[in-house]
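I have placed the structure first, in the form of structure tokens, so that the comments after it can refer back to it.
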Protein chains: 2
Amino acid sequence: MTVTVPAAGSRALPHPVREDIRLEGVLHALSDPLRLQIVRRLAEAGRELSCSCFDLPVSKSTTTHHFRVLREAGVIWQVYRGTAKMNDVRRDDLDTLFPGLIDSVLDAAARQAARTATG
Amino acid sequence: MTVTVPAAGSRALPHPVREDIRLEGVLHALSDPLRLQIVRRLAEAGRELSCSCFDLPVSKSTTTHHFRVLREAGVIWQVYRGTAKMNDVRRDDLDTLFPGLIDSVLDAAARQAARTATG
DNA sequence: GCCGTACTATGACGACTATCGTACTAGCTT
DNA sequence: AAGCTAGTACGATAGTCGTCATAGTACGGC
């Protein structure tokens, strides 16, 4: 798979280029409750968030794992800023490839959360 | 999990009731290439199709397995008609729970297929 | 009743997944 | 330089998943 080339000396991370993002991979990445929750919070924030500001009920290494799955599926973009690793939803790429998909999933997740809370 | 009760003497199959359909389960069910293909053909047909009219590149038991995953996730409805087992997308339930989701996924799948074919 | 068609159930197998703990690295702060 | 913070790499483990083959069940037609 083609990936972006890390600049020499930096700590850039490998991401799939837009054309290599697969629908099946995106759906699989979003089918895990924890990862769906991560993407929801990221989308809600509308800006970069560090891994550490998510208080997930799993260990640090498991957290790292889930963020990597999301990055490798093309759902999020990750970049180092000092010791922190910032995360952002790949809105432009995803909306170009699959118009409306992310919005539908986020809306569905919000509805389900509301349903669970009130029901 | 609550399921529909098979009528006595029939061969009705257990389906989750609408309220028990989980977004994560739906996304997971759709994240397999074969299952996504099944749902696409079913949606395209717009009517019930038997399992046997899908010519999937896997064995019969694997085919059965994939249809069951789709049914248990709440994506399709299955009913026996004689020896045939008919399948249909659970449009009403899915569109009520997650408006626009299935359409977005189907549209995304169609775009990806077109991209792959021409690219 | 017997046969064919359509699908299931069971058990197996290899691959992948989610999880963890421990040990480690990179960068900031003092 | 020393220490703290954020995150990684590695190995282990238990569980799930996709696949198959074999043997079996349910229904319709002859």
Side-chain angles (χ1 to χ4, degrees), chain A residues 1 3 6-15 22 24-39 42 48-73 75-88, chain B residues 1 3 6-15 22 24-39 42 48-73 75-88:
Chain A
M1 178 169 71
V3 295
S10 82
R11 276 205 294 163
L13 295 148
H15 290 76
R22 300 286 305 171
E24 297 88 339
V26 171
L27 295 179
H28 174 249
L30 296 175
S31 72
D32 181 276
L34 243 48
R35 291 194 292 259
L36 184 56
Q37 189 182 322
I38 290 172
V39 174
L42 234 32
E48 289 182 340
L49 292 181
S50 70
C51 294
S52 60
C53 75
F54 291 82
D55 198 23
L56 303 173
V58 290
S59 72
K60 270 202 304 180
S61 26
T62 302
T63 300
T64 298
H65 162 72
H66 285 304
F67 276 101
R68 183 171 49 220
V69 172
L70 286 169
R71 169 168 49 85
E72 289 178 349
V75 178
I76 64 171
W77 193 273
Q78 293 192 295
V79 62
Y80 283 104
R81 296 224 192 287
T83 56
K85 196 183 200 171
M86 307 303 290
N87 305 276
D88 213 350
Chain B
M1 180 169 71
V3 296
S10 82
R11 275 207 293 161
L13 295 148
H15 291 76
R22 298 288 303 172
E24 298 88 340
V26 171
L27 296 178
H28 175 249
L30 296 174
S31 73
D32 181 274
L34 243 48
R35 290 193 294 257
L36 184 56
Q37 188 182 322
I38 290 172
V39 174
L42 234 32
E48 288 183 339
L49 292 180
S50 71
C51 293
S52 59
C53 76
F54 291 83
D55 197 22
L56 302 173
V58 290
S59 72
K60 271 202 305 181
S61 26
T62 302
T63 300
T64 299
H65 163 72
H66 285 306
F67 276 100
R68 183 172 49 218
V69 171
L70 286 169
R71 169 170 48 86
E72 290 178 349
V75 178
I76 65 171
W77 193 273
Q78 294 192 294
V79 62
Y80 282 104
R81 295 226 192 287
T83 58
K85 196 185 203 172
M86 307 304 289
N87 305 276
D88 213 349

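Chain naming here is simple, since letters A, B, ... match the order of the sequence lines and numbering starts at 1 in each. Here the structure is a predicted model, which is why all the values come from computation and not from measurement.
Between A:S52 and D:dG7 there is a side-chain polar atom (N or O) within less than 4.0 angstrom of OP1 or OP2.
Helical stems involving DNA chain C, defined as 3 or more consecutive Watson-Crick or G-U pairs under 3.5 Å, span C:1-30 with D:1-30.
The CG-C1' distance, from A:D55 to D:dG7, rounds to 16 Å in whole Å. Rounded to an integer number of Å, the gap from CG of A:L13 to P of D:dA6 is 18 Å. In this entry the distance linking CZ of B:R68 with P of C:dA9 reads 6 Å, nearest Å. Rounded to an integer number of Å, the gap from A:I76 CD1 to D:dG7 P is 12 Å. A:M86 places its CE atom 21 Å from the P atom of C:dA26, with the value rounded to the nearest Å. At whole-Å resolution of the value, CG in A:L56 and P in C:dA18 are 14 Å apart. Atom P of nucleotide D:dG7 and atom CG of A:N87 are separated by 8 Å, given to the nearest angstrom. Between A:E24 atom CD and C:dT17 atom C1' the separation is 18 Å, expressed in whole Å.
In this structure, A:Y80 reaches the sugar-phosphate backbone alone: every heavy-atom distance under 4.0 Å involves primed, P, OP1 or OP2 atoms, never a base.
In this structure, A:V39 and A:L70 approach most closely via the heavy-atom pair CG2-CD2, 3.8 Å. Residues B:V26 and B:A73 share a closest heavy-atom pair of CG2-O, 3.8 Å.
When A:Q78, A:M86, A:K60, A:H66 are each tested for a side chain to side chain contact (heavy atoms under 4.5 Å, CB included) with A:C51, only one passes: A:Q78.
Side-chain atoms of B:E72 and B:P14, non-hydrogen and from C-beta on, never get closer than 4.5 Å to each other. Residues B:E48 and B:V79 have side chains in contact (heavy-atom distance under 4.5 Å, counting atoms from C-beta outward). Side-chain contact between B:R68 and B:L13 is absent, with no heavy atoms from C-beta onward closer than 4.5 Å. Side chains of A:N87 and A:F67 form a contact here, defined as non-hydrogen atoms less than 4.5 Å apart. Side-chain atoms of A:L56 and A:I38, non-hydrogen and from C-beta on, do get closer than 4.5 Å to each other. Looking at heavy atoms from C-beta onward, B:P57 lies in side-chain contact with B:L34 at the 4.5 angstrom threshold.
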Measure all distances between protein nitrogen or oxygen atoms and nitrogen or oxygen atoms of nucleotides 17-20 of chain D, and list the pairs falling under 3.5 Å.
| from | atom 1 | to | atom 2 | distance (Å) |
| --- | --- | --- | --- | --- |
| D:dG18 | OP1 | B:R35 | NH1 | 3.4 |
| D:dG18 | OP1 | B:R35 | NH2 | 2.9 |
| D:dG18 | OP2 | B:R35 | NH1 | 3.2 |
| D:dG18 | OP2 | B:H65 | NE2 | 3.3 |
| D:dT19 | OP2 | B:H66 | NE2 | 2.3 |
| D:dC20 | OP2 | B:S59 | N | 2.7 |
| D:dC20 | OP2 | B:S59 | OG | 3.2 |
| D:dC20 | OP2 | B:T62 | OG1 | 2.9 |

